[in-house]
Amino acid sequence: MTNSNKIIFKRIFELVTSVEFIGLTVIGNLFIFFCSGIIFFIEKGVNPNLNHFMDAIWWCFSTVTSVGYGDVVPVTVPGKVFGILLMLLGTAMFAIYTALFANAVLGDYAKRFRGLYRGISTEEEQISKSVEELKNIVDNLDQNDKK
């Protein structure tokens, strides 16, 4: 294993053990269980594919993860609207996970680019000053030539 792979694995390990990641995971799973109760309440007795609370948990997890097997589908209008909201929230939750992983893996690169940008800005200012000085020298030489 190369040194860069070790660094990436270390960063990922630090991420999955971080308070943010664990908090998002726990809150996200509690939210899914809460939503399972809501969809079970909405669809119970109406939906023939939602007979047990475990069916509601299965549906919520497959909906949030955008897998959506289709074996359990809401049949009521409130259930469908709730499903749409759950899909949107699932997309947002996975976007947060993606951002956390990207920051863990690429965080140092972003810092390096910011530092590189600052360095380029400083060099650009120095070049601009040098160009102005050269223009002044050329103007002075032109004036001396005309005299």
Side-chain angles (χ1 to χ4, degrees), residues 1-139 142:
M1 183 179 293
T2 65
N3 195 31
S4 61
N5 286 344
K6 288 179 186 177
I7 292 170
I8 290 172
F9 283 121
K10 179 183 175 217
R11 289 179 186 165
I12 290 174
F13 178 76
E14 288 172 356
L15 167 68
V16 297
T17 57
S18 71
V19 174
E20 296 87 3
F21 186 87
I22 293 171
L24 179 64
T25 302
V26 168
I27 290 170
N29 284 312
L30 288 174
F31 178 74
I32 289 172
F33 280 103
F34 176 73
C35 290
S36 300
I38 292 173
I39 197 68
F40 188 68
F41 176 76
I42 292 172
E43 297 277 319
K44 184 181 177 189
V46 179
N47 192 335
N49 293 323
L50 214 83
N51 298 317
H52 305 286
F53 185 65
M54 190 62 200
D55 295 333
I57 293 172
W58 171 258
W59 178 80
C60 279
F61 269 100
S62 66
T63 300
V64 165
T65 58
S66 300
V67 174
Y69 285 109
D71 54 347
V72 179
V73 180
V75 294
T76 64
V77 172
K80 291 178 181 184
V81 170
F82 187 73
I84 291 168
L85 293 175
L86 201 57
M87 288 176 213
L88 293 171
L89 290 172
T91 303
M93 189 169 68
F94 280 99
I96 294 169
Y97 274 115
T98 303
L100 287 172
F101 272 101
N103 187 44
V105 174
L106 301 173
D108 283 349
Y109 291 111
K111 289 176 188 172
R112 285 186 211 157
F113 286 130
R114 274 188 239 123
L116 183 63
Y117 176 75
R118 283 189 207 111
I120 289 172
S121 294
T122 303
E123 288 177 11
E124 188 177 329
E125 288 172 13
Q126 291 172 349
I127 290 171
S128 293
K129 287 178 184 177
S130 296
V131 167
E132 285 299 318
E133 289 174 9
L134 288 172
K135 283 181 183 178
N136 290 336
I137 291 171
V138 168
D139 286 345
D142 281 347

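Not measured: the values here are computed from a predicted model.
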Is a donor on one side and an acceptor on the other found under 3.5 Å between the side chain of Asn51 and the backbone of Pro48?
yes

May I have the step-by-step check of salt bridge (Lys or Arg N to Asp or Glu O under 4.0 Å) for Glu14 and Lys10, ending in yes or no?
CA-CA 6 Å; Glu14 288 172 356; Lys10 179 183 175 217; 3.6 Å; yes

Might you point out which heavy atoms bring Leu86 and Cys60 nearest each other, and give the distance in Å?
CD2-SG, 3.7 Å

To check you understand the geometry: which heavy-atom pair defines the closest contact between Leu24 and Leu100, and what is its length?
CD2-CD1, 4.1 Å

How far does CZ of Phe82 sit from OG1 of Thr63, to the nearest 0.5 angstrom?
9.5 Å

Would you please indicate if the ring centroids of Tyr69 and Trp59 are separated by under 6.0 Å?
no

After noting the C-alpha distance and the side-chain angles of Val64 and Phe31, does the key distance pass the side chain to side chain contact (heavy atoms under 4.5 Å, CB included) rule?
CA-CA 10 Å; Val64 165; Phe31 178 74; 5.7 Å; no

Non-hydrogen atoms of Glu43 and Val75 that approach each other most closely
OE1-N, 2.9 Å

Please lay out, stage by stage, how Lys44 and Leu50 fare under the test side chain to side chain contact (heavy atoms under 4.5 Å, CB included).
CA-CA 6 Å; Lys44 184 181 177 189; Leu50 214 83; 5.9 Å; no

Using only atom types and a distance under 3.5 Å, with no angle test, would you say the side chain of Asn29 pairs donor to acceptor with the backbone of Thr25?
yes

Which atom pair, heavy atoms only, marks the closest approach of Val16 to Phe101?
CG1-CZ, 4.4 Å

Heavy-atom check, side chain of Trp58 versus side chain of Asp71, under 4.5 Å
yes

Other residues, nucleotides and ligands only: do more than 12 of their heavy atoms fall within 6.0 Å of CZ on Phe9?
no

So how far is it from Cys35 SG to Leu85 CG, rounded to the nearest 0.5 Å?
9.0 Å

Can you name the closest pair of heavy atoms from Phe33 and Phe53 and give their distance?
O-CZ, 3.9 Å

The reported gap from CD1 in Ile127 to CD in Glu132 (rounded to nearest 0.5 angstrom) is 13.5 Å

Nearest-0.5 Å distance that lies between atom CD1 in Ile22 and atom CG in Leu15
9.5 Å

Over all heavy atoms of both residues, which pair between Ile42 and Gly79 is shortest? Give the atoms and the distance, please.
CG2-N, 3.7 Å

When rounded to the nearest 0.5 angstrom, what distance separates OG1 in Thr17 from CD in Glu20?
10.0 Å

Is it the case that over 12 heavy atoms from other parts of the model lie below 6.0 angstrom from the CZ atom of Phe41?
no

Please check: side-chain N/O of Asp55 versus main-chain N/O of Val72, any donor-acceptor pairing under 3.5 Å?
no

To the nearest 0.5 Å, atom OG1 of Thr98 lies from atom CG of Asn103 at 12.5 Å

